[in-house]
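The structure displayed is predicted, hence computed values, not measured ones.
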Amino acid sequence: MNKTKEDAEKTRQNILDTALLIFSRRGYRGTRLEDVAKQAGVTRGAIYWHFRDKFDLYDTLLRDGYASYYERIAAILNADESPLSRIRRLFVETFVFSEDDEKYRAVEEIRIFKSEAIDEMKRSMQKMATVSKFLRQAVATLIREGIKAGEIKSGIDPDLAALSLVSHMSGVVITWMRDPQSFSIKGLAEDLVDYQLSPIVRE
């Protein structure tokens, strides 16, 4: 990478790091590109060089923040392990990752608590709905495989069970983010997942 490209990438990352701080404090609606530019020590034109508009900056921030988590989840789903083991690891890793990865946690807090339901957000909400649907379908598939493997009780509705499990995971993460001092989601990860899986696991 030549010097010009290196400088451009540093500027882009500086803008993203600064935007993360401002979106976290002011939310999407309250954040102005002028404020991002001023705190980042760049011109507003520099922001438009790298991002089309405020939503593109926001969307890129979330995409970068989720990248490592999505890679980890994909690796778990494709692992050479039993269906039940992959289901368990998927939820345990989500809880652990939520506490361990500061960038992921920050963008999750922005998306959940600081992104107002305005027209610009529809695209972002649609993307997250697609991700959630994919996750539910992946878990439902693993449950079906687990039933065939004899790890999960027969008679379980895979789609309903997947909806319950994914909703529980999301609810626990949101509860923890509202008051992270009240408990360690990482420390309780395995117990939380085992408790939620216990009704469907074949003894």
Participant: How close do Arg136 and Ala162 get, counting heavy atoms only, and between which atoms?
Facilitator: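 Looks like O-CB, 3.3 Å.
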Participant: Trp176 and Ser182: side chain to side chain contact (heavy atoms under 4.5 Å, CB included), yes or no, with the steps?
Facilitator: CA-CA 7 Å; Trp176 175 74; Ser182 61; 5.5 Å; no
Participant: Looking at Tyr28, is Lys54 sitting on its ring face, NZ or CZ under 6.0 Å from the six-membered ring centre and within 45 degrees of the normal?
Facilitator: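 Yes; both conditions hold, so Lys54 lies above the ring face of Tyr28.
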Participant: Is His50 close to Arg12 at the side-chain level, that is, under 4.5 Å between some pair of heavy atoms?
Facilitator: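 The answer is yes; the side chains approach within 4.5 Å.
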Participant: Show the atom names and distances, to 0.1 Å, of all donor-acceptor pairs under 3.5 Å that link a side chain in residues 106-114 to residues at least two apart or in another chain.
Facilitator:
| unit_1 | atom_1 | unit_2 | atom_2 | d |
| --- | --- | --- | --- | --- |
| Glu108 | OE1 | Tyr66 | OH | 2.6 |
| Glu108 | OE1 | Arg111 | NE | 3.0 |
| Glu108 | OE1 | Arg111 | NH2 | 2.9 |
| Arg111 | NE | Tyr66 | OH | 2.8 |
| Lys114 | NZ | Ser24 | O | 2.2 |

Participant: Can you tell if the side chain of Trp49 reaches within under 4.5 Å of the side chain of Thr11, non-hydrogen atoms only?
Facilitator: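 No; the side chains remain at least 4.5 Å from each other.
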Participant: May I ask you to check whether over 12 heavy atoms, not counting those of Phe183, lie within 6.0 Å of atom CZ?
Facilitator: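 Enclosed: over 12 neighbouring heavy atoms sit under 6.0 Å from CZ of Phe183.
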Participant: Hey, mind stepping through Val42 and Ile15 against side chain to side chain contact (heavy atoms under 4.5 Å, CB included) and telling me if it holds?
Facilitator: CA-CA 8 Å; Val42 300; Ile15 292 169; 4.2 Å; yes
Participant: Side chains of Arg44 and Lys38: closer than 4.5 Å at any heavy-atom pair?
Facilitator: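 Not touching, per the 4.5 Å side-chain cut-off.
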Participant: To the nearest 0.5 Å, what is the distance between CG on Asp64 and OH on Tyr104?
Facilitator: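 That separation rounds to 14.5 Å.
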Participant: Looking at Arg32 and Asp35, is any side-chain nitrogen of the basic one under 4.0 Å from a carboxylate oxygen of the acidic one?
Facilitator: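 Looking at Arg32 together with Asp35, the answer is yes, because their closest N to O distance falls below 4.0 Å.
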Participant: Going by an N to O cut-off under 4.0 Å, is there a salt bridge joining Glu81 and Arg86?
Facilitator: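 So Glu81 does not pair with Arg86 through a salt bridge.
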Participant: Do Arg52 and Tyr48 meet the criterion of a side-chain donor-acceptor pair at a distance under 3.5 Å?
Facilitator: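 Side chains of Arg52 and Tyr48: no pair found under 3.5 Å.
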Participant: Is any side-chain heavy atom of Lys186 less than 4.5 Å from a side-chain heavy atom of Phe97?
Facilitator: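 No, side chains not in contact.
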Participant: Is any side-chain heavy atom of Leu192 closer than 4.5 Å to a side-chain heavy atom of Phe95?
Facilitator: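 Heavy-atom side-chain distance check passes, below 4.5 Å.
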Participant: Near Glu34 CD, under 6.0 Å, is it more than 12 heavy atoms from other residues, nucleotides or ligands?
Facilitator: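 Enclosed.
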Participant: Side-chain contact, heavy-atom cut-off 4.5 Å: Leu77 with Leu142?
Facilitator: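 Yes; the side chains approach each other to less than 4.5 Å.
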Participant: What's the verdict on side chain to side chain donor-acceptor pair (under 3.5 Å) for Ser115 and Tyr58, showing C-alpha distance, side-chain angles and the deciding distance?
Facilitator: CA-CA 10 Å; Ser115 299; Tyr58 169 92; 2.6 Å; yes
Participant: Atom CG of Asp53 and atom CG of Asp56: how far apart are they, to the nearest 0.5 Å?
Facilitator: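 If we round to the nearest 0.5 Å, Asp53:CG and Asp56:CG are 6.0 Å apart.
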Participant: Report the distance from atom NZ of Lys148 to atom CD1 of Ile143, rounding to the nearest 0.5 Å.
Facilitator: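 Interatomic distance, Lys148 NZ to Ile143 CD1, rounded to 0.5 Å: 13.5 Å.
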Participant: Would you say that Leu16 contacts Leu57 through its side chain, given a criterion of any heavy-atom pair below 4.5 Å between the two side chains?
Facilitator: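 Side chain of Leu16 against side chain of Leu57, heavy atoms only: contact under 4.5 Å found.
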Participant: Does Lys153 pair with Glu203 as a salt bridge, N-O distance under 4.0 Å?
Facilitator: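 Answer for the salt bridge query: no.
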Participant: Looking at Asp59 and Lys127, does any basic side-chain N land under 4.0 Å from a carboxylate oxygen?
Facilitator: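 Here Asp59 pairs with Lys127 in a salt bridge, since their nearest N and O are under 4.0 Å apart.
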Participant: Given the rule in the side chain to side chain contact (heavy atoms under 4.5 Å, CB included) test, do Ile185 and Val96 qualify, once you have shown the distances and angles that lead to the verdict?
Facilitator: CA-CA 7 Å; Ile185 194 173; Val96 171; over 6 Å; no
Participant: Hey, are Tyr69 and Ser98 close enough side-chain-wise for a donor-acceptor pair under 3.5 Å?
Facilitator: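 Result is no, nothing qualifies.
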Participant: Listed by chain and number, what are the side-chain hydrogen bond (donor to acceptor under 3.5 Å, both in side chains) partners of Asp159, not counting sequence neighbours?
Facilitator: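 Scan of Asp159 (side-chain hydrogen bond (donor to acceptor under 3.5 Å, both in side chains), adjacent residues dropped) gives Arg144.
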